[in-house]
Structure formats: C-alpha cells, structure tokens
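If you read the sequence from its start, that first residue is 1, and numbering goes on from there. Below, each value reflects all heavy atoms present in this structure, side chains not excepted, and no hydrogens, waters or symmetry copies. Both ligands and their constituent atoms are indexed starting at 1 by order of listing.
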Amino acid sequence: MRTCAHCGEEFEPSGKGRPPRFCSDECRKAKHQRKRTLTAQVKRYERLAAQPYWGREWRLKADDARDELEALGGDPGPDG
Ligand SMILES: [Zn+2]
C-alpha cells in the first residue's frame with residue numbers, strides 16, 4: 001500500500017517497475033503543475049524583491065514559495 005504524494009489517498013500499486021508516487025494521472029499532473037507554478041512564483045517574487053521599497057514583502061513571499069516547492073521535492077523534473 002502506498003500513499004499518494006498529492007492527495008494523500010492510499011492505493012495499491014499495480015504493474016511492475018518503480019513504485020508510483022501518485023494514485024492517479026490526475027494527481028501526478030496536479031503535483032507537477034503545482035511545482036511549475038511555484039517555480040515561476042519564486043522567480044517572479046525574487047525579481048520583485050530586488051525593488052527598493054517593497055522588496056521585503058516579496059522576499060517573504062519568495063521564501064514561502066521556495067519552502068513549499070522544496071516540500072514537494074524541488075524543481076519539477078521530467079516525470080514530475
Ligand atoms: Zn492522489
């Protein structure tokens with residue numbers, strides 16, 4: 001029994017090869033999409049953080065996004 005890395009549902013892996021991390025294609029795609037979104041957010045927030053006045057606000061947002069991205073396992077890879 002495995003636990004889905006996206007929705008947390010338990011599921012029984014079927015087939016051979018490496019064990020799947022997700023219960024369904026939908027969850028795999030959703031997780032991948034979330035990583036892509038966060039990766040883009042980190043870049044955008046870090047650019048905004050270079051501003052003189054509101055930089056600190058954006059720096060905090062960039063840190064939050066990066067923390068969540070790292071919790072998801074880092075930058076999106078080829079198979080998410
Ligand atoms: Zn799932």
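- Legend: protein N/O/S atoms lying under 2.8 Å from the Zn ion (ligand 1), waters omitted, number 4.
- Under the rule for a side chain to side chain contact (heavy atoms under 4.5 Å, CB included), the partners of Gln33 that lie at least two apart in sequence or sit in another chain are Arg36, Thr37.
- Taking CD of Gln41 as the start and CH2 of Trp58 as the end, the distance is 9.5 Å to the nearest 0.5 Å.
- Residues that satisfy the side chain to side chain donor-acceptor pair (under 3.5 Å) test with Arg34, not counting sequence neighbours, are Glu68.
- Among residue pairs with one or both ends in residues 46-57, those qualifying as side chain to side chain donor-acceptor pair (under 3.5 Å) are Glu46-Arg66; sequence neighbours excluded.
- The nearest pair of heavy atoms linking Cys4 to Cys23 is SG-N, 3.4 Å.
- Side-chain atoms of Arg2 come within 3.5 Å of backbone atoms of Pro20 as a donor-acceptor pair (strictly under, hydrogens ignored).
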